[in-house]
Amino acid sequence: MANLSINIHKLELKNPVMTASGTFGNGTEFDDFFDVSQLGAILLKGTTLHNREGNEYPRMAETPSGMLNAVGLQNKGIDYFIRHIYPKVSEYKTNVIINVNGSTVEEYIELTEKVNQLDKIPAIELNISCPNVKEGGMAFGTNVKMAEKVTREVRKVYEKTLVVKLSPNVTDIAEIARAVEAQGADSVSLVNTFLGMAIDANTMKPVLSTITGGLSGPAIKPIALRMVWQVARAVKVPVIGIGGIMNATDAIEFILAGASAVQIGTANFINPNISVDIINGINDYMEKHKLKSINDLIGGLQM
Amino acid sequence: MNKTVSDLTIIKNTRLNHDNYLLELQSYIKLEGIIPGQFVNILVSDSQATFLRRPFSIFEVNYHQNSISVLVKVVGPGTEKLSSLKPSDTLNVIFPLGNGFSMPMAKEKILLVGGGVGIAPMMQMAKDSRELGAEVHILLGARTKMDHILIEEFSRFGTVYLTSDDGSVGVKGFVTNHPVLLQNNGFNQIYCCGPEPMMKAVAKKAKELNVRCEVSLENAMACGFGVCLCCVTKTTGGNKCVCTDGPVFNINDLSWPI
């Protein structure tokens, strides 16, 4: 077995494979399929201060090599999480990370302060890139000033590892990455979904209740890969690569582009065991290429 | 049994009429305790047009052969591909998923209502209910005589009633036009699966007759096991996933305006 362990700031990962928020529930939904403690980390479903019902059905459209979603951060809120879900996920022998969302800076701060109290949560992923909410969400991630402000304020109240999840719906993602790094982000994860749309020509109506939604899946992989490469060259903090990873080869491509770790998203819907298959595939690749440590692979793109 | 992802082998593909096929899939993992109304999620192929899995009700379980069958109506590229498969081909399937129907007690009189491809979960339901000693009545609706399938098979487990939109077989009109649903025939429970307008009409009827009623919903989903949160339906307890909280719901728990 090659050494797959990697650190993201203070976070010690046994391997670089995480599951992307919103595609892995609370992890418990996967207990029937495999032992989720094998993963480097699990990112829990996006959490807000209060209960959110999310958007109206329909929330999903299948698209060529991908899908659009418009869930809209449906979750029961942080207090429910602490009471009912936290005790269960604390049992996992891996890093459990909360994806933190707010519609105002104050909400982000209040939520982060609550999460800061939870011993078994070693990191947060600050979501400034959800495309499916009316207030906040992507508005924070597509404006340099707002991205700076929310990162700075959250940094003040949070000592553990702070990952900021970036939106690809910007002209220059490296600029946003540099901005949040300067305000104290310990890592950036990218990309969240691309704003997209589906129309049913038969009914002449939009497929999604919200008209637009977030595109994910292999359809976005080449763009996500390019963005990860650009950001990895622009910042010093570790980069977590996300976007259409369906197999170990895809994951390795992101690591070669400069990602220190990857998140598996939409692929979980199609094959619930995929993240473990990817860990094994990365190990096989490293053995084949006689690489001893994952560090030898990060940013190893040869030009 | 626990949810599992596994390659199942096709042992039979029967063409039932112009657009319906019955696929029988054999498992090497022992099947046990599958409840009528549960479903499977099938990976069609990795072609770009069928990126996500396709959910199907479990039509019948054969514990002796360790096989599950699913009813496939050809509606798009995914079902088209499935209909063309041959014995010994394999399919990657996640199963069993969702919650099934609440089973009737012995001597209860029940009505199963299936519309179009919504008849799919009713075969195993009819079979198991009959075994439990319930008196089973089955009301099937379709557009025309040509669209009605598996009537003989259903009649092994109960009394079958038919409707067709054009009157070419059975009572003309929708299932709710059939006399068996028009008056209180002493049913203890009604179970329904079909197009949403049909289920709403049946639910309304059940409410008028004061008969307990469960419906099986078919919302579009990406995962089938409760993590994508795409297939939600409004309930008295907020948005619930059709895949894990359903697909079977008691009509009193749904926020339907009936």
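As the structure is a computational prediction, the values presented were derived from the model and not from experiment. Protein chains get the first letters and strands the later ones, always in sequence-line order, with residue 1 at the start of each.
The closest donor-acceptor contact from the side chain of A:Arg59 to the backbone of B:Val232 lies at 3.5 Å or more, if one exists at all. In this structure a side-chain-to-backbone donor-acceptor pair under 3.5 Å is present from B:Asn239 to A:Glu53.
Here B:Cys230 contributes atom SG and A:Tyr57 contributes atom OH; the two are 9.5 Å apart, rounded to the nearest 0.5 Å. To the nearest 0.5 Å, atoms CG (A:Asn271) and CG (B:Leu43) are separated by 8.5 Å.
Looking at A:Pro58, neither its backbone nor its side chain comes within 4.5 Å of chain B, counting heavy atoms on both sides. Of the atoms belonging to A:Asn268, it is backbone heavy atoms, and not side-chain ones, that fall under 4.5 Å from chain B. Heavy-atom distances place the backbone of A:Asn55, and not its side chain, under 4.5 Å from chain B. Both the backbone and the side chain of B:Ala222 come within less than 4.5 Å of a heavy atom in chain A.
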Side chain to side chain contact (heavy atoms under 4.5 Å, CB included) assessment of B:Cys228 paired with A:Thr23: CA-CA 6 Å; B:Cys228 74; A:Thr23 66; over 6 Å; no
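Crowding of A:Ile211 atom CD1: a count of heavy atoms from other residues, nucleotides or ligands under 6.0 Å not exceeding 12. Annotation: A:Lys120, atom NZ; neighbour count of heavy atoms from other residues, nucleotides and ligands within 6.0 Å does not exceed 12. Under a cut-off of 6.0 angstrom, the local environment of NZ in A:Lys76 is sparse, with at most 12 non-hydrogen atoms contributed by other residues, nucleotides or ligands.
Between A:Lys45 and B:Val227, every side-chain heavy-atom pair lies at or beyond the 4.5 Å cut-off. The closest side-chain heavy-atom distance from B:Phe51 to A:Met246 is below 4.5 Å. Inter-residue side-chain proximity for B:Cys223 and A:Glu29 is flagged as unmet; no heavy-atom pair is nearer than 4.5 Å.
By number of non-hydrogen pairs under 4.5 angstrom with chain B, the leading residue of A:Pro218, A:Gly22, A:Gly66 is A:Gly66. Contact count versus chain A (heavy atoms, under 4.5 Å) is highest, among B:Thr4, B:Thr233, B:Asn219, for B:Asn219. Most heavy-atom pairs under 4.5 Å with chain B: of the set A:Asn273, A:Thr266, A:Ile270, this distinction falls to A:Ile270.
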Can you give each donor-acceptor pair under 3.5 Å made by side-chain atoms of residues 244-253 of chain B, sequence neighbours left out, with the distance rounded to 0.1 Å?
| from | atom 1 | to | atom 2 | distance (Å) |
| --- | --- | --- | --- | --- |
| B:Asp245 | OD2 | B:Cys241 | N | 3.1 |
| B:Asn250 | OD1 | B:Asn252 | N | 2.9 |
| B:Asn250 | OD1 | B:Asn252 | ND2 | 3.4 |

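Ion pairing between A:Glu56 and B:Lys234 holds under the 4.0 Å rule for side-chain N and carboxylate O. Salt bridge absent: B:Arg53 and A:Glu62 never bring a charged side-chain N and a carboxylate O closer than 4.0 Å.
Ring-centre distance between A:Phe33 and B:Phe225: below the 6.0 Å cut-off.
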